[in-house]
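A quick write-up on the structure given underneath.
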Amino acid sequence: MSRQTALRLALLALGAVGGLVPWPGAAAPAIPSAGARTVTATTPPVAPPRAPGAFDRGRVWDWPLDPRPAVTSAFVPPRSTYGAGHRGLDLAAAQGQGVLAVDAGVVSHVGVIAGRGTVSVTHSSGLRSTYEPVAASVGSGTVVAQGDVLGRVAGRTHCGGACLHLGALVGPAYVDPRQLLGAGPVILLPLGPGR
C-alpha cells in the first residue's frame, strides 16, 4: 500500500471516528433532533492531490526546536539520487529536548533506521518532514498540529554530538528545509578543532 493510500485511509478512519465521514459500509451518522446539543469534531483539511514534485511554496514551517536553534550543518544536495550530500539541516539540540512538528499533518512513519529513532510527518502542502534521532511519543497515523510534540531528541546522529537532523521531501526528492522555515539568516557553528 502506498503512503498516499495509507494517509487517505487514516484520514477517512479519523473522519469516521469523529462522525464526519461515514466509513465505507458503515451506517450514516444519525441526524440530531431539534434542540439537541451537537459537538463538531475537526480534522485538518485534506488538500487535493498534487502533481509529483509540487508543493505549496507559500506555507512557512515553524522551527522544530524551541528556542530557535543554530544550524550546525546546512543542506547540500546530492548530485545523483544515491550520491553523497547532506539531505537536511543539523540543528543544535540538547538530549531530551522536545521535537516539534514543523507543520500540521499526519505521522506517516515512526521507527528505527540505522540505529536511530526517526519520525516522518506528511503535510497537506505536499511535503514530508523527517526528524532524527528521536524517541517518538506519537505513533503512525497520529494527526498533529503545527508545534505539537513528536518526541524527544535521543541518541547521536552523524553530526557527532547532540543535534536534530531535519529533512524535507517532495515525493522521493529532498529539498532544502531552510527555504521553508521562518525568515532569518542561517548561522553555521564551527565544528571544532580537527573537523
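One finds the CG atom of D176 at 5.5 Å from the CG atom of L89 (value rounded to the nearest 0.5 Å). Note that CZ of R87 and OG1 of T130 are 11.5 Å apart. Values are rounded to the nearest 0.5 Å. Remark: D103 CG to R128 CZ distance equals 14.5 Å, nearest 0.5 Å.
Taking both residues in full, the closest heavy atoms of Q146 and V60 are given as NE2-O, 3.3 Å, listed atom of the first, atom of the second, then distance. Annotation for L166 and S129: closest pair CD1-CB, 4.5 Å, computed over non-hydrogen atoms. In this structure, G96 and R152 approach most closely via the heavy-atom pair O-CD, 2.8 Å. Between P133 and G155, the shortest heavy-atom contact is CG-O, 3.4 Å. Considering every non-hydrogen atom in both T118 and H109, the closest pair reads OG1-NE2, 2.8 Å. In plain terms, the two heavy atoms of H123 and A104 that are nearest each other are ND1-O, 2.8 Å.
W63 places none of its side-chain heavy atoms less than 4.5 Å from the side chain of V102. E132 places none of its side-chain heavy atoms less than 4.5 Å from the side chain of I113. With a 4.5 Å cut-off on side-chain heavy atoms, P177 and F75 count as touching. Residues V110 and V134 have side chains not in contact (no heavy-atom distance under 4.5 Å, counting atoms from C-beta outward). For the pair L180 and L127, the minimum side-chain heavy-atom distance is below 4.5 Å. Using a 4.5 Å cut-off on side-chain heavy atoms (C-beta onward), V121 and L150 make contact. With contacts defined as side-chain heavy-atom distances shorter than 4.5 Å, the pair P64/L91 qualifies.
Applying the side-chain contact (heavy atoms from CB on, under 4.5 Å) rule to V149 yields the partners L100, S137; only residues at least two apart in sequence or on another chain are considered. Partners of D148 under the side-chain contact (heavy atoms from CB on, under 4.5 Å) rule, at least two apart in sequence or in another chain, are V144, A145.
No side-chain donor-acceptor contact under 3.5 Å links S73 to the backbone of D90.
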